[in-house]
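In each ligand, atom 1 is the first atom listed, and ligand 1 is the first ligand listed. When reading the values below, keep in mind they use all heavy atoms of this one structure, side chains included, and skip hydrogens, waters and symmetry mates.
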Amino acid sequence: IIIISACNYYLMEEFELEDIPGVGRITAKKLRAAGIRSPRFLTMLNPEELMEIADIDNPIKAARIIREAKRLYGIEMKPISAREFKEEYLKWDTISFNVKALDELTRGGISVKELVEFAGEFGSGKTQICHQLAVTAQLPPSKGGVAGSVVYIDTERTFSPGRIEKIAERFGLDNALNNIYLFRPTTVTDLEECVFKLYNLIEEKNVRLVIVDSIIALYRAQLKGMEWLARRQQRLNYVIDFLKRYAERFNLAVVYTNQVLQQLNLPHITMKLPAGGNIIAHAATHRFLLKYAKDDTRIITVFDSPRLPRNASVQFRITEQGLMDVE
Ligand code: ADP
Ligand code: MG
């Protein structure tokens, strides 16, 4: 079996925009004005996107800039054997929850290069999970983390510095807030802008986890009704696709939360399923569903995953110090 993989080039040497053949002072200025500081960013764009982002009106020129940027870094699509891939894959870092039950369910935590969705009703623990991971990602590998910083995109205005401090205290982590870069977009357009502009931050601050809490709220509130459905799904898809690119290119994990909708309404049976339709259904690598149990206990179930058994579930508690095992 042969699979295609882009090379891992995040350790490669750095170039200036002017090092790209065909990029002169004027084009470089345009690119910088659009927030593109490194030729490396260009290697993850399509010409159409570059035209839009950097106001370049010639598609041939846009394609050429991207091609030359890739050549600069020696990036080309080439196959690796599935065996090589397996070896690479086993080396992917994971971010532990530092909760035994959750680590067992997920086989070690959240893996870099993957997108993980947590869906559930209000109060089911989605935001608490995000807070916990925003702390544990910063821990050294010996403590289950990846010693990275975290981007937290808070579309629901529920990020709590106090919760972060409490959780960090438990893990003996100082200055946890300093390594979390917070965005609070208020519109879908804001969200798109902050996702597209993450590139420099990821590169400069060693970001290893990007959290979006939630991925769906702004779209549901702002692009309402059937007449906007297609557009809404398209824009949502684009943002998620960009997150996927970062995950792959920068060896980072992406976690986002999703709301649930009443889907099945038979007599005596109501079932709540994740929102967002087909786009969301296919976007994440692993999807989990959260539900209330007794008091501070919650149940988390594998909803969809390529390697975790469907419907496997465990319980955990939400406490003042963050997520904990049930005794
Ligand atoms: P959502 O799924 O809506 O994002 P949250 O992750 O915000 O839900 O979870 C809310 C739950 O977390 C509430 O039931 C609340 O009791 C619990 N919780 C929040 N803060 C604390 C705290 N400081 N101590 C204990 N439990 C808390
Ligand atoms: Mg929440």
Notebook entry, point to check: By number and element, which atoms of ligand 1 are closer than 4.0 Å to a non-hydrogen atom of Gly125?
Noted result: 1 (P), 2 (O), 5 (P), 6 (O), 8 (O), 9 (O)

Next item on the list: Could you tell me the residue and atom name of the protein heavy atom closest to atom 4 (O) of ligand 1, and the distance to it rounded to 0.1 Å?
Entry: Thr127 OG1, 2.7 Å

Notebook entry, point to check: Closer than 4.0 angstrom: is that true for some heavy atom of Arg298 and an atom of ligand 1?
Noted result: yes

Notebook entry, point to check: So, for atom 22 (C) of ligand 1, does the protein have a heavy atom nearer than 4.0 Å?
Noted result: yes

Margin query: If hydrophobic clusters are built by linking Ile, Leu, Val, Met, Phe, Trp and Tyr wherever their side-chain heavy atoms come under 4.5 Å apart, do Val146 and Leu323 end up in the same one?
Written below: yes

Check: Heavy-atom contact under 4.0 Å between Glu121 and ligand 1?
Finding: yes

Next item on the list: Please find out if less than 6.0 Å separates the ring center of Tyr238 from that of Phe196.
Entry: yes

Check: Looking only at distance, does Ile129 have an N or O less than 3.5 Å from an N or O of ligand 1?
Finding: no

Next item on the list: Establish, from distance only, whether the side-chain atoms of Gln315 and Arg298 form a donor-acceptor pair under 3.5 Å.
Entry: no

Margin query: I want to know whether Phe303 and His286 have ring centres closer than 6.0 Å.
Written below: no

Check: Thinking salt bridges, do Lys91 and Glu88 make one under a 4.0 Å N-O criterion?
Finding: no

Checklist line | Any Gly123 heavy atom less than 4.0 Å to ligand 1 | finding: yes

Check: Among protein heavy atoms, which lies nearest atom 9 (O) of ligand 1, and at what distance?
Finding: Gln128 CG, 3.5 Å

Note to self: Strictly less than 4.0 Å: does any protein heavy-atom distance to atom 2 (O) of ligand 1 fall in that range?
What the structure shows: yes

Notebook entry, point to check: Do Asn206 and Ser149 have side-chain N/O donor and acceptor atoms under 3.5 Å apart?
Noted result: no

Margin query: Checking contacts here: is it the side chain or the backbone of Thr319 that comes within 4.0 Å of ligand 1, counting heavy atoms only? Could be both or neither.
Written below: backbone

Note to self: Please confirm whether Arg163 approaches ligand 1 to less than 4.0 Å, judged on its heavy atoms.
What the structure shows: yes

Check: What closest approach, in Å, do Cys130 and Tyr152 show between heavy atoms, and which atom pair accounts for it?
Finding: CB-OH, 3.4 Å

Next item on the list: Please check if the distance between the ring centroids of Phe15 and Tyr73 is under 6.0 Å.
Entry: yes

Notebook entry, point to check: With a cut-off of 2.8 Å, does Thr127 place any N/O/S atom under that distance from the Mg ion (ligand 2)?
Noted result: yes

Notebook entry, point to check: Is there a side-chain contact between Val239 and Tyr219 (heavy atoms, below 4.5 Å)?
Noted result: yes

Checklist line | Nearest neighbour in protein (non-hydrogen) for atom 18 (N) of ligand 1 | finding: Ile318 CG2, 3.9 Å

